[in-house]
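Sequential numbering from 1 along the given sequence is applied to the chain's residues.
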Amino acid sequence: MRIPWSERFRVEAEERGLRWNCESCVHFTGEERCAHDFPTQNHRAARYADGGVDVLFCKEHELA
């Protein structure tokens, strides 16, 4: 799923502790591809550090 980045999203994600990045997922291996062989580049936390990019949610995301 893709949603536009906004200041509102940033604030609400922070307030609610929303986790959507690979680093928060049980399938994340620390490599360029997760345990399900999906690329991680567009889902990593560093991508969102400066904002301004669409937020991407992986369909396989599962919290530990």
Side-chain angles (χ1 to χ4, degrees):
M1 175 177 16
R2 178 187 302 255
I3 63 170
W5 177 268
S6 67
E7 182 62 15
R8 179 179 176 185
F9 175 82
R10 186 196 65 75
V11 169
E12 290 182 3
E14 187 175 308
E15 288 175 351
R16 292 168 175 81
L18 178 64
R19 299 184 301 168
W20 75 93
N21 304 114
C22 287
E23 291 87 349
S24 299
C25 181
V26 68
H27 302 298
F28 182 58
T29 62
E31 303 295 326
E32 291 182 15
R33 300 188 82 76
C34 73
H36 290 251
D37 203 34
F38 292 121
T40 61
Q41 180 181 0
N42 289 329
H43 300 275
R44 303 287 296 271
R47 180 173 184 265
Y48 303 101
D50 296 329
V53 295
D54 286 350
V55 179
L56 302 174
F57 290 89
C58 177
K59 66 180 181 178
E60 294 288 330
H61 188 267
E62 294 182 28
L63 301 176

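- Contact annotation: the side chain of Leu56 approaches that of Arg2 to within less than 4.5 Å [non-hydrogen atoms, C-beta and beyond].
- Distance check: Ser6 OG to Arg8 CZ gives 7.5 Å after rounding to the nearest 0.5 Å.
- Remark: Arg44 pairs with Glu23 by the salt bridge (charged side-chain N to carboxylate O under 4.0 Å, His left out) rule, at least two apart or across chains.
- No side-chain heavy atom of Thr29 sits under 4.5 Å from any side-chain heavy atom of Arg33.
- Of the possible polar contacts, none joining the Thr40 side chain to the His43 backbone as a donor-acceptor pair under 3.5 Å is found.
- Side-chain contact between Phe28 and Asn21 is absent, with no heavy atoms from C-beta onward closer than 4.5 Å.
- In this structure, the separation between CZ on Arg47 and CH2 on Trp5 is 10.0 Å, given to the nearest 0.5 Å.
- A continuous path of Ile, Leu, Val, Met, Phe, Trp and Tyr side chains, each step under 4.5 Å between heavy atoms, connects Phe57 with Val53, placing both in one hydrophobic cluster.
- Remark: Tyr48 engages Trp20 in a ring pair (Phe, Tyr, Trp, His ring centres under 6.0 Å) (not counting sequence neighbours).
- Between the CD atom in Gln41 and the SG atom in Cys22 there is a gap of 10.5 Å [rounded to 0.5 Å].
- Side-chain N or O atoms of Ser24 include none that pairs as donor or acceptor with a backbone N or O of Arg19 at under 3.5 Å.
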